[in-house]
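Have a look at the structure below before the remarks.
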Amino acid sequence: MLLIPCPFCGPRNESEFAHGGPVRARRPDPDAVSDAAWVEYLTVTPNPQGPVQEHWWHVRGCGTWLTLWRDTTSHDIVKGPDDA
Amino acid sequence: MRYDVTCKQAGLSALFDLKGPQADLWGWAGDHLPPMPARPNSLTRRGGRSLYHIGPRHLLLRTGIAEEEALERALGPAAAPPQISIVRISDTLTFFAVTGRDADQVMAIACPLDLHPAVFGADAVSHTEAFGLKAMVLRCEGGFECAVEQSHGDMMQDYLNRALT
Ligand SMILES: [Zn+2]
């Protein structure tokens, strides 16, 4: 179980949060990138072995959306939200 | 084992959901509000009204149900400036009072929050979960109050009954 640092509430149990998926690259202009790069953006979700930046929503708490870095090998939060 | 706890469903409170920048909320409705709570997830009280700071730019104003109509007229939600929102939500929450010597034990079953008085003091209020349901928890005389969405009231009562036996 993760203890997730919320900027408003402080550290809270993972069960109070909803996972919002990894932080994705900015949407490229489909006319300015190759077909391969566009397909990559549309279909490939970041799934590194190591730290991944993720969105979490404190849905059963204060309602804040936050981003943090979680290591997919250890499940540790290696960097919390900047303002937590 | 049996817990020394009483669980009672409370009657309706008058509740107003307030959202927006603090300066704008106070500019519009400050005369009718207790002072702004100093910290996140804390509350203030004045003249029978209490004000819960439950999220960024998000407050809950609570008072007796008898005051609901007069307070709504005073708050004037329909005419409020666009950067703030005032919504009467009295019917949306069901409050339970969990009181008695073992109230903290029952709340520890329900809820993942650290409710030790050193962490969750007399003026604390927070949304969290209770038996997996989204819930708002605060202290009251002799224990805790726990509010869940109105449609979850019967389920909450059932969970509490099971936790007590
Ligand atoms: Zn929070």
Side-chain angles (χ1 to χ4, degrees), chain A residues 1-28 41-42 45-84, chain B residues 17-22 36-43 51-60 84-85 87 89 92-93 107-121 123-138 146-149 151-152 155-156 159:
Chain A
M1 190 65 83
L2 290 167
L3 203 56
I4 296 177
C6 172
F8 187 81
C9 304
R12 290 296 183 95
N13 206 51
E14 178 185 344
S15 60
E16 293 184 3
F17 293 81
H19 184 235
V23 175
R24 317 261 327 229
R26 289 187 71 82
R27 182 180 185 277
Y41 166 77
L42 287 178
T45 301
N47 184 25
Q49 187 176 17
V52 61
Q53 192 177 24
E54 294 178 324
H55 298 292
W56 288 81
W57 179 25
H58 199 186
V59 58
R60 286 174 175 171
C62 66
T64 295
W65 277 95
L66 55 93
T67 57
L68 50 75
W69 288 87
R70 182 180 62 87
D71 192 310
T72 56
T73 55
S74 62
H75 204 40
D76 290 336
I77 294 172
V78 289
K79 187 176 182 310
D82 289 339
D83 42 2
Chain B
D17 185 87
L18 314 177
K19 288 197 179 108
Q22 186 185 339
M36 177 68 192
R39 285 169 289 104
N41 293 324
S42 70
L43 63 86
L51 189 64
Y52 305 161
H53 189 197
I54 51 172
R57 310 200 320 173
H58 189 187
L59 299 152
L60 198 64
I84 66 171
S85 131
V87 182
I89 58 161
T92 67
L93 291 181
M107 291 305 290
I109 300 170
C111 168
L113 264 192
D114 184 353
L115 294 173
H116 189 279
V119 180
F120 197 82
D123 68 341
V125 57
S126 179
H127 274 104
T128 177
E129 43 180 14
F131 304 108
L133 303 171
K134 179 166 182 167
M136 186 175 72
V137 174
L138 61 153
C146 190
V148 294
E149 196 178 293
S151 61
H152 290 150
M155 190 155 45
M156 181 69 180
Y159 282 132

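Order of the sequence lines sets the chain letters (A, B, ...), proteins ahead of strands, with each chain counted from 1.
Contact count against chain A (heavy-atom pairs under 4.5 Å) is highest for Lys134(B) among Arg39(B), His58(B), Lys134(B).
Pairing each heavy atom of Cys62(A) with each of Pro56(B), the nearest pair is O-CD, 3.8 Å.
The part of Thr64(A) that comes within reach of chain B is its side chain, from C-beta onward, which places non-hydrogen atoms under 4.5 angstrom from that chain.
Arg60(A) places no side-chain N or O within donor-acceptor distance of the main-chain N or O of Ala130(B), the cut-off being under 3.5 Å.
The CZ atom of Phe8(A) sits 11.0 Å away from the NE2 atom of His127(B) when rounded to the nearest 0.5 Å. To the nearest 0.5 angstrom, Leu113(B) atom CG is 4.5 Å from Arg12(A) atom CZ.
Between Pro40(B) and Cys9(A) there is no side-chain heavy-atom pair separated by less than 4.5 Å.
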